[in-house]
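Only one structure is covered here, and it is reproduced in the block below.
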Amino acid sequence: MSVVVLIGAQWGDEGKGKITDFLAEKADVVVRYQGGNNAGHTVVVDGVEFRLHLIPSGILYPSKLCLIGNGVVIDPAVLIAELENLAKKNINTENLRISHRAHIIFPYHQRLDLYEEERKGARKIGTTCRGIGPAYMDKAARTGIRVADLIDPEEFPVRLEYALQEKNKLLNQVYGAEGFAYEEILAAYSKYAKILEPYVADVSLIINEAIAKGAHILFEGAQGTLLDLDHGTYPYVTSSHPVAGAACLGAGFGPTKINRVIGVAKAYITRVGEGPFPTELKDDIGEQIRTRGHEFGTTTGRPRRCGWFDGVVARYAARINGLDYLAITKLDVLSGLENVKVCTAYRYRGELITEFPATLKALAECEPVYEELPGWLEDISEIRRYEDLPANAKNYLERLAELARVPVAMISVGPSREQTIVRQNVF
Ligand code: GDP
Ligand code: IMO
Ligand code: MG
């Protein structure tokens, strides 16, 4: 039996979907436990690209049980579109189950996300405008509507009416905008409820029963450690907890059951949206990495900001998540560079610091200290064994592991399932 939690060790888009899909071959159950359709996880199987936002990346294997935990916020229209798209590609989705405790995203959440960003002006976060923050706000305020309420024809109209009264007031009085028509939302969401009802289940119970039976369970994080509401670069973060510890909370099982935690990190680093980013490259090399790595958002299409691998971030992610192993992705993207740099520490007010600072003010004053390593010119995308990698690529990986103080279990050299080098089995 193994319970493995896989998380993003940077600012998201590390390739969690690809690594989840790869590891899912050996898993019985794959679970999403936080975030919503702000996530975009791309998986490539036999040349076909799948972009998943809410459904766990294990869905591409017909026999895996895929679960959406209570910690996820669900936009039903997006989930239904995702189910339909998978069906069009002949993917069986019968094995999906959705927690009745997960919260629902409504059109007013998206609208409020957008207006709040506009109101912030230069201080905007650069959210995905999918209504994620406002939906988690309602959850914390104890006014949210959950899956169990949505599928209850008596409860739903009452809860919606109350919620809408409040939200329309907010839209009118604070933002000077028009509100939403109750009947329209009621009709649309009642339809969604009928479609989704067969998938609704007690996800926590399913997980705990699977653990008791000795199943292999893989938890698929969304976003990344530095976007965590508590541990990320607050306030430039998301409104959920992408860190490993949140798997227990967002799926309903105990921390004693976790056997291993895997951190996925790119061989460099990217960020979408606003907020500090010490190793950001605003030069030709940054542009080259963006082009070669196709660094444009899966969800919003925005260009991702690119920079050198940050060892301070990696060590921080190892600490916050208790990482056992790293999975390093996109190593192929760095091929062809004569030299590669890694950040080993920050210089802050004349002193070297090796721990990630807590405030944006301090982070803004941090200058990365780089070490330059020789690059490799070879195309490595067809390599399948660690020994066959160019010596400089191996040296580079060893340096990353040293900086993070975590061994590298997997290396990804391309988007496809088979473009993966395994050094250590995690199941
Ligand atoms: P996620 O959000 O962490 O699942 O990552 P995304 O899917 O948003 O972004 C990662 C992108 O890189 C996707 O387009 C993947 O298909 C692609 N990708 C993943 N691993 C590799 C790799 O090793 N090499 C290359 N070239 N692309 C990769
Ligand atoms: P995956 O799972 C990268 C970023 C947004 C913004 C901030 C807050 O694909 O790695 P939100 O809409 O969540 O309120 O936006 O978080 N963000 C992501 N960046 N990958 C993601 O998901 C992200 N999900 C949110 O760009 O900066
Ligand atoms: Mg993504």
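Count residues from 1 along the sequence. Both ligands and their constituent atoms are indexed starting at 1 by order of listing.
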task: Can you tell me which residue pairs pass the salt bridge (Lys or Arg N to Asp or Glu O under 4.0 Å) test with a partner in residues 355-369, sequence neighbours excluded?
output: Arg319-Glu355, Arg349-Glu365
- prompt: Using a distance threshold of 2.8 Å, what protein N/O/S atoms lie below it relative to the Mg ion (ligand 3)?
  reply: Asp13 OD1, Gly40 O
field: Asn38, Thr127, Leu227, Val264: member with heavy atom nearest to atom 18 (C) of ligand 2
entry: Leu227
Less than 3.5 Å apart, N/O on ligand 1 and N/O on the protein: could you list those pairs with the distances?
from: ligand 1; atom 1: 2 (O); to: Asp13; atom 2: OD1; distance (Å): 3.4
from: ligand 1; atom 1: 2 (O); to: Gly40; atom 2: O; distance (Å): 2.9
from: ligand 1; atom 1: 3 (O); to: Glu14; atom 2: N; distance (Å): 3.0
from: ligand 1; atom 1: 3 (O); to: Gly15; atom 2: N; distance (Å): 2.8
from: ligand 1; atom 1: 3 (O); to: Lys16; atom 2: N; distance (Å): 2.7
from: ligand 1; atom 1: 3 (O); to: Lys16; atom 2: NZ; distance (Å): 2.8
from: ligand 1; atom 1: 4 (O); to: Lys16; atom 2: N; distance (Å): 3.3
from: ligand 1; atom 1: 4 (O); to: Gly17; atom 2: N; distance (Å): 2.8
from: ligand 1; atom 1: 5 (O); to: Gly15; atom 2: N; distance (Å): 3.2
from: ligand 1; atom 1: 7 (O); to: Thr42; atom 2: N; distance (Å): 2.8
from: ligand 1; atom 1: 7 (O); to: Thr42; atom 2: OG1; distance (Å): 3.1
from: ligand 1; atom 1: 8 (O); to: Asp13; atom 2: OD1; distance (Å): 2.9
from: ligand 1; atom 1: 8 (O); to: Gly40; atom 2: O; distance (Å): 2.8
from: ligand 1; atom 1: 8 (O); to: Thr298; atom 2: OG1; distance (Å): 3.0
from: ligand 1; atom 1: 8 (O); to: Arg304; atom 2: NH2; distance (Å): 3.1
from: ligand 1; atom 1: 12 (O); to: Lys330; atom 2: NZ; distance (Å): 2.8
from: ligand 1; atom 1: 23 (O); to: Lys330; atom 2: N; distance (Å): 2.9
from: ligand 1; atom 1: 23 (O); to: Ser412; atom 2: O; distance (Å): 3.1
from: ligand 1; atom 1: 23 (O); to: Ser412; atom 2: OG; distance (Å): 2.5
from: ligand 1; atom 1: 23 (O); to: Gly414; atom 2: N; distance (Å): 3.1
from: ligand 1; atom 1: 23 (O); to: Gly414; atom 2: O; distance (Å): 3.4
from: ligand 1; atom 1: 24 (N); to: Asp332; atom 2: OD1; distance (Å): 2.8
from: ligand 1; atom 1: 24 (N); to: Asp332; atom 2: OD2; distance (Å): 3.4
from: ligand 1; atom 1: 24 (N); to: Gly414; atom 2: N; distance (Å): 3.3
from: ligand 1; atom 1: 26 (N); to: Asp332; atom 2: OD2; distance (Å): 2.7

query: Does a side chain donor of either Thr420 or Lys18 reach within less than 3.5 Å of an acceptor in the other side chain?
result: yes
- prompt: Quick one: is the NZ or CZ of Lys89 closer than 6.0 Å to the six-membered ring centre of Phe50, and within 45° of its axis?
  reply: yes
Tabulate below the donor-acceptor pairs under 3.5 Å that side-chain atoms of residues 170-180 make, not counting sequence neighbours, or state none.
from: Asn172; atom 1: ND2; to: Asn168; atom 2: O; distance (Å): 3.4
from: Asn172; atom 1: ND2; to: Ala177; atom 2: O; distance (Å): 2.7
from: Tyr175; atom 1: OH; to: Glu116; atom 2: OE1; distance (Å): 2.4

- prompt: Backbone, side chain, both or neither: what part of Trp11 comes under 4.0 angstrom of ligand 2, heavy atoms only?
  reply: backbone
From Gly126, Gly224, Pro235 - option closest to atom 5 (C) of ligand 2 by heavy atom: Gly126
query: Looking only at heavy atoms of Arg302, does any of them come nearer than 4.0 Å to an atom of ligand 2?
result: yes
- request: Specify side chain, backbone, both or neither for Arg271, according to which of its non-hydrogen atoms lie closer than 4.0 Å to ligand 2.
  value: neither
query: Taking the non-hydrogen atoms of Arg130, is any one of them nearer than 4.0 angstrom to ligand 2?
result: no
- prompt: Glu184 and Tyr189: side-chain donor and acceptor closer than 3.5 Å?
  reply: no
